[in-house]
Amino acid sequence: MPAPLPTITPDQLCVGLYVHLDLSWWEHDFAFSNFKIKDEAQIRALRALNLKQLRYDPARSDCPPAPLVDNVTTPPVEEPPVDPESQARQERVEKLRHLRSRLAEVDRRFIEASQRIKTLNQTLRSRPEDAMRQAGAIVGEMVETLLGAPSVVLHGITGKAAEDSYFHALNVTVLSLLLGRQLGLDSEACHSLGLGALLHDIGKLEVPSKVLLKPEPLSRPEQQLLQMHSDFGLRMGQKLMLDDEVLRIIHEHHEHCDGSGYPRGLREAAIGRLSRLVAITNHFDGLCNPLDPRQALSPHEALALMFKQQREHFDEVALKAFVRVMGIYPPGSLVQLEDERYALVLGMNPTQALKPTLILYDPDIPKQEALIVDLAQEPKLAIARSLRPSQLPLEVLEYLSPRRNLSYHIEPNHKPA
């Protein structure tokens, strides 16, 4: 095993020294992370990184490091004017670092919420009171996040967290609360909406898993049994002494405004106000995340289908508000830019629907260091079209890695919208 390379301080840098930068490519302006210093300009750029120490390779260097000199005897050096191009790149690097940090925090919060929902489901039968307290706490925190910031940013979750089996309840809750906020619901109504969305499928605990998880089309008796989960959920909710608004969501989240839904075939006026909202978000998530992933629609396609072909099923005002919430290119959408590059939409911009945050495909950049771009800060870049996974070359699809299950979470945006 080779011995570790020695380290020096930035003051010891000199022309001819072979240095190693323990940084990712986006954190510096050099073509490579290890190279031989060729001039004073590179020394100034290295010192501008503000590293406490650097590694160097004696065997590949032309000279030893410069000796340490007392600061008091070092004459002041007049710094050259800042190169505008270098400064602009440094600003982009800083924005990228900040964006990655934000997205990592959103992923972390999603994992935490998903695990809490998993615990809730596991304790619903054995310790129902504990489960209800946990549900109330989860929804309360989400409502506080939504109503406590001028606006929020919706993100698609791209990490392994998105493959958790409890993502559906979390998706429907997040999207329902965003829709409720868009429609101006107050804190109390948002709490009922969130609790109903989180618990909308509790009746499926009474449906055999062989029916719930069957990827093939259900037989007529199996379909009837599955549809009974709305009635099962109502009875469970009554035993848990949930309030009437929450019970209505559990019972009515599959009702359609044109009377074609179940379990009672209600029409618009007879369906609860909050139930109509969860009917939209639940249906949308079902289109994007079916049991058979081959039948999955992109978020863009799902919105288009609901708005153009299924509009009569849903509350018209709420459906239009949902389109505004999700943006023209919802998180999770695969897109192609006007310069023909491919990208995956990560987060929507609450004030600029056509300017989301993207992961860009670039074969020259390692996948784990893929470039993340906020189109709101890149006026020269624009989306040309939305794509289905099958329309992308295989190497692009593997690089962008859209997950089988599409999941969402929110981030407070404390800047004025």
Side-chain angles (χ1 to χ4, degrees), residues 24 26 92-111 113-114 145 149 151-164 167 170-171 174-175 178 284-285 288-289 296-303 325-339 341-362 365-379 381-389 392 396-413 415 417:
S24 296
W26 67 83
R92 287 197 300 272
V93 165
E94 199 55 45
K95 286 176 183 176
L96 178 57
R97 186 184 295 124
H98 177 64
L99 186 56
R100 284 184 182 277
S101 175
R102 280 173 45 205
L103 294 175
E105 175 62 15
V106 174
D107 269 18
R108 186 194 65 76
R109 285 173 42 232
F110 173 86
I111 293 168
S114 183
T145 296
S151 63
V152 292
V153 179
L154 179 65
H155 288 289
I157 303 297
T158 58
K160 290 183 180 178
E163 296 173 358
D164 191 286
F167 72 93
L170 186 50
N171 275 357
V174 167
L175 298 180
L178 279 170
F284 171 81
D285 195 60
C288 295
N289 293 306
L297 300 184
S298 73
H300 182 82
E301 290 175 312
L303 279 182
V325 163
M326 297 304 293
I328 306 301
Y329 301 103
S333 299
L334 291 162
V335 296
Q336 190 169 28
L337 303 185
E338 288 179 351
D339 63 9
R341 285 187 292 174
Y342 297 107
L344 174 72
V345 179
L346 268 185
M348 49 76 73
N349 189 318
T351 58
Q352 298 184 60
L354 295 173
K355 297 287 185 178
T357 303
L358 310 171
I359 295 180
L360 280 183
Y361 167 70
D362 188 334
I365 296 174
K367 174 179 174 179
Q368 63 273 17
E369 298 176 359
L371 190 61
I372 300 175
V373 175
D374 183 351
L375 290 187
Q377 298 177 357
E378 301 289 344
L381 294 180
I383 294 173
R385 63 189 64 83
S386 177
L387 301 171
R388 295 199 76 167
L392 270 69
V396 178
L397 201 59
E398 290 176 348
Y399 184 100
L400 295 174
S401 300
R403 293 287 168 178
R404 171 186 167 182
N405 295 330
L406 177 62
S407 298
Y408 294 111
H409 212 51
I410 49 176
E411 174 198 26
N413 180 24
K415 296 178 182 177

### Message
Side chains of Leu334 and Tyr342, heavy atoms from C-beta outward: is any pair under 4.5 Å?
### Response
no
### Query
Checking side-chain contact (heavy atoms from CB on, under 4.5 Å) for the pair Leu375/Thr357: CA distance, chi angles, key distance, verdict?
CA-CA 6 Å; Leu375 290 187; Thr357 303; over 6 Å; no
### Query
Partners of Glu301 by side-chain hydrogen bond (donor to acceptor under 3.5 Å, both in side chains), sequence neighbours excluded?
Ser298, Arg388
### Task
For side-chain contact (heavy atoms from CB on, under 4.5 Å), just list the numbers for Leu381 and Glu338, CA-CA rounded to whole Å, side-chain angles, deciding distance to a tenth of an Å, and then say yes or no.
CA-CA 7 Å; Leu381 294 180; Glu338 288 179 351; over 6 Å; no
### Query
Please walk me through it: do Tyr329 and Leu354 pass side-chain contact (heavy atoms from CB on, under 4.5 Å)?
CA-CA 7 Å; Tyr329 301 103; Leu354 295 173; 4.0 Å; yes
## Note on the structure
For Leu303 and Gly327, the nearest pair of non-hydrogen atoms, with its separation, is CD1-O, 3.9 Å
### Task
Using the side-chain contact (heavy atoms from CB on, under 4.5 Å) rule, pick out the option among Val373, Leu358, Ile372 that qualifies with Leu346.
Ile372
#### Entry: Non-hydrogen atoms of Pro299 and Pro331 that approach each other most closely
CG-O, 3.5 Å
### Query
Counting N and O atoms only, with roles assigned by atom type, does the side chain of His300 sit under 3.5 Å from a partner on the main chain of Leu387, one being a donor and the other an acceptor?
no
### Message
Once side chain to side chain contact (heavy atoms under 4.5 Å, CB included) is applied, do any residues pair with Ala302, and if so which ones, sequence neighbours excluded?
### Response
Phe284, Leu287, Cys288, Leu297
### Query
In terms of ring plane angle, is the pair Tyr399 and Tyr361 parallel, tilted or perpendicular, where the classes change at 30° and 60°?
perpendicular
### Query
Taking only residues two or more places apart in sequence or in another chain, which ones pass side chain to side chain contact (heavy atoms under 4.5 Å, CB included) with Ala376?
Asn349, Gln352, Lys355, Asp374
### Message
What I'd like to find out is whether the side chain of Leu371 reaches to under 4.5 Å of the side chain of Ile359, using heavy atoms alone.
### Response
no
### Query
So, do Arg341 and Leu360 sit near enough that their side-chain heavy atoms are less than 4.5 Å apart?
yes
### Query
So do the side chains of Val325 and Leu175 get within less than 4.5 Å of each other, counting heavy atoms only?
no
### Pairwise distance CD1(Ile328) to CE(Met326) - rounded to 0.5 angstrom
11.5 Å
### Message
Applying side-chain contact (heavy atoms from CB on, under 4.5 Å) to Val345 and Val335, what does each step give before you reach the verdict?
### Response
CA-CA 7 Å; Val345 179; Val335 296; 3.9 Å; yes
